[in-house]
Amino acid sequence: MKIIHELSSYTTNKIAAGEVITEPLHVVKELLENSVDAGATKVDIQIKDNGLKSISVADNGHGIYLDDAKALFLRHATSKLKDDSDLYSISTMGFRGEALASIAAISKVDVSSRQSSEMQGFSMTQYGSKLLQLKSINRQVGTTVEVTDLFYNTPVRERFLKEQHRLRQHIADFLENFAFSHPFIKVRASLDDKVVLRTLGDGRLDHLIYEISGEAILKKLIPFDFSIQDIQFKGYLSDISLSFATTKEMRLFVNNRIISYPLIKEELLRAYEGLLPKRRFPYVLLMMQTDPSKVDVNRHPRKAEVKFSDEKDIVTYLKDNIRDVLRGKPMMVEQSISEPKVNQVLTTYEPLNVEKETPITYENLIEANSVISEIKLDDYLPEVKSQSILEEREALFDNFKVDHFIESLQYIGQVFHSFLLYEHEDKLYLLDQHAAHEKILFERFLESFENKSLQTQMLLVPITLKSHASEDALKPLASMGFELDQFGDKELIIRGIPHLFSEDEALTFLEIFLEEDRESLDLSAIITRSCKAAIKANDRLLPIEASTLLDQLKVLKDPYTCPHGRPIFIYFTRGELERRFAR
Ligand code: ADP
Ligand code: MG
């Protein structure tokens, strides 16, 4: 008896389809990759019913020879690889020659194409394993592939019909990433006849962001471009006034492919540490370009995971560079943190809308203050608005990039026991002394904690605090420089506190720590809250104290925003003041 037999090509293709094409998105992806491989500079994508009805991709690539038409749907038929030696120098996206064969096994495929050196094109229809028609036609150079009735002969179709929302989301995400990966391809995509994506293909990242993420987001992004060890890092990142609930808006690309690189993502998030509210994530578009030999690619069906050869050094520099970029624009802070809105740029001017009767030491300011509340801030905006976004950004960049900026500030005085005034070049700066103090405590504490260099100062007289905290819950405190004993199950005896804190500050810290929800212990949030609590309002500062504050601020990693992400400095230009006086 003989039971082993060769499977028909139809069956093997169908099996392969089960591996290559597990949802409509994969068809979109394969078709687009073929267009890219064909050198297209323009692609038009039309998808109906999330790909279950039809997927059509038209490109202006080099097209297909009529003589190759019949081989299109053969498994392992490709124009991209001749023999195994080519395997090591592949630059195209596809090369296995199984996509079209697999797709045709589970759908109806119409291909029409004209090769750039041929006068006529062809059109053909393949349904399952059958070639239904092949004829020559007149058409422009390029290729159009239309896939209909996807999965018609497979059991998964039923399931997909119920998951339309998920399919749509996958397709939409992929299309965005595709557009970002190919800045020089003009992409147009529509879902159920509605255009969802349109890019210019002019290679400009800012135009891509404008088209894909929108103007409101673009306005809050800072451009960067630097190199570390032959790797170019280029892109945009959000300033601290823009954040999201997930890391979905953080996109990393290596050599124009979307990739996942957890270590780099982590490092980026670290650069934002203390700048964004708790559990919020930035917008990052990071394009990395390097010699392919410097990256290890671990291909994953969805997203390649890559690794640079000298990863460790690169990652450290990356974080520092990103921090610098973020510091470059510290004062453009808006009050609204989560919802991006255009034209709110000047909300930071609010502190000047003060009550008239408050005593002010600074005469010029008294004059200014008495008229300000009647003038709409919008009146001062036109100049800024008319500038292009990039110019605006560069101007701000120039202003604050300099690290010795703080040193060049000239102290004028204190107002309301809350704000310190400084002059520098043609600007009047106001520093929020409480935000500054809070930030100083915060950074110092966090840093000592991270470096495990928190020393304990013993108290002369131990303090007793009421607490029901378990021994486990108290454990982290020891590593923070606290020395304590539990007394019974209601009392806590504090014998030593971190040397950075005064007694008052330490107690506030402890109270907040003990209140926090143990399940989600978020150290930086606790530190933020306790540092805030440790600051006393309305402190009169002597000039020498004011200058000490500035000295302390100067050495911080980020002296421009408080741990809650609010600005520490704001400024007015001479021009703005003059306009308010109607000069
Ligand atoms: P692969 O891309 O791995 O070679 P496919 O099954 O995706 O395999 O495509 C088979 C062949 O069909 C390709 O090698 C290419 O020659 C041709 N082809 C497919 N789509 C296009 C297109 N849009 N433009 C030009 N040629 C194409
Ligand atoms: Mg292919």
Side-chain angles (χ1 to χ4, degrees), residues 24-48 50-51 53-66 68-69 72 78-80 91-95 99-100 103 109-124 136-148 170-214 218 234 251 253 255-258 285 287 289:
L25 162 72
H26 301 137
V27 172
V28 181
K29 185 164 171 279
E30 293 292 342
L31 298 187
L32 280 172
E33 288 185 350
N34 282 343
S35 297
V36 172
D37 287 345
T41 56
K42 219 169 121 183
V43 294
D44 191 340
I45 306 143
Q46 290 187 34
I47 296 170
K48 295 203 172 124
N50 304 310
K53 189 166 182 203
S54 66
I55 297 170
S56 147
V57 171
D59 67 50
N60 67 347
H62 56 54
I64 303 169
Y65 288 103
L66 173 64
D68 279 335
L72 270 182
T78 179
S79 59
K80 299 168 193 174
S91 61
T92 51
M93 317 224 33
F95 59 84
L100 287 180
I103 294 169
V109 185
D110 288 285
V111 178
S112 96
S113 184
R114 188 184 125 204
Q115 218 284 337
S116 52
S117 61
E118 298 199 315
M119 295 307 290
Q120 276 213 312
F122 67 86
S123 116
M124 69 189 292
S136 66
I137 55 161
N138 289 319
R139 60 156 287 157
Q140 73 274 45
V141 172
T143 306
T144 305
V145 179
E146 183 170 4
V147 174
T148 35
H170 287 180
I171 291 173
D173 289 348
F174 171 79
L175 290 176
E176 288 186 0
N177 292 334
F178 176 83
F180 275 127
S181 320
H182 302 283
F184 287 99
I185 297 182
K186 198 167 174 168
V187 183
R188 213 186 84 109
S190 58
L191 298 183
D192 299 325
D193 293 322
K194 197 171 151 258
V195 177
V196 291
L197 182 78
R198 182 183 260 149
T199 68
L200 298 172
D202 63 358
R204 286 184 51 167
L205 290 187
D206 56 341
H207 288 168
L208 278 173
I209 296 173
Y210 183 94
E211 297 295 340
I212 298 169
S213 307
L218 178 63
K234 194 178 161 161
R251 297 181 178 88
F253 296 82
N255 296 344
N256 289 338
R257 279 181 196 222
I258 184 126
L285 179 65
M287 301 292 193
Q289 296 286 345

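Quick note: numbers below take in every heavy atom, side chains included, and nothing from hydrogens, waters or symmetry partners.
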For the student: nearest non-hydrogen atoms of [X] and [Y], plus distance:
| X | Y | answer |
| --- | --- | --- |
| Ala179 | Thr199 | CB-CG2, 3.9 Å |
| Gly51 | Pro24 | CA-CB, 4.0 Å |
| Leu72 | Met124 | CD1-SD, 4.0 Å |
| Glu118 | Leu66 | OE1-N, 3.2 Å |
| Leu208 | Phe180 | CB-CE2, 4.0 Å |
| Gln120 | Asn138 | NE2-OD1, 3.2 Å |

Show which side-chain atoms of residues 186-194 pair as donor or acceptor with protein atoms under 3.5 Å away, not counting sequence neighbours.
residue : atom : partner : partner atom : Å
Asp192  : OD1  : Asp49   : N            : 2.7

Rounded to the nearest 0.5 Å, how far does [atom2] of [Y] lie from [atom1] of [X]?
| X | Y | atom1 | atom2 | answer |
| --- | --- | --- | --- | --- |
| Thr144 | Gln46 | OG1 | CD | 10.0 Å |
| Leu32 | Phe178 | CG | CZ | 4.5 Å |
| Glu146 | Leu31 | CD | CG | 10.5 Å |
| Gln289 | Phe253 | CD | CZ | 11.0 Å |
| Arg251 | Ser213 | CZ | OG | 5.5 Å |
| Ile258 | Glu176 | CD1 | CD | 10.0 Å |

**Message:** Looking at Ser54 and Val147, would you say the former's side chain and the latter's main chain have a donor-acceptor pair under 3.5 Å?
**Reply:** no
**Prompt:** Counting only N and O atoms by type, is there a donor-acceptor contact under 3.5 Å from the side chain of Asp44 to the main-chain atoms of Ala58?
**Reply:** no
**Request:** Answer whether the closest heavy-atom distance between the side chains of Asp173 and Leu25 falls below 4.5 Å.
**Result:** no
**Prompt:** Will you find, in the side chains of Ser112 and Ser123, an N or O donor that is under 3.5 Å from an N or O acceptor?
**Reply:** no
**Asked** Applying the side-chain contact (heavy atoms from CB on, under 4.5 Å) test to Asn34, which of Leu100, Ile64, Val57, Asp59 qualifies?
**Response** Leu100
**Item:** Ile171: which of Ile47, Ile45, Val27 passes side-chain contact (heavy atoms from CB on, under 4.5 Å)
**Value:** Ile47
**Prompt:** If you draw a 6.0 Å radius around CZ in Phe174, do more than 12 non-hydrogen atoms from other residues or ligands fall strictly inside?
**Reply:** yes
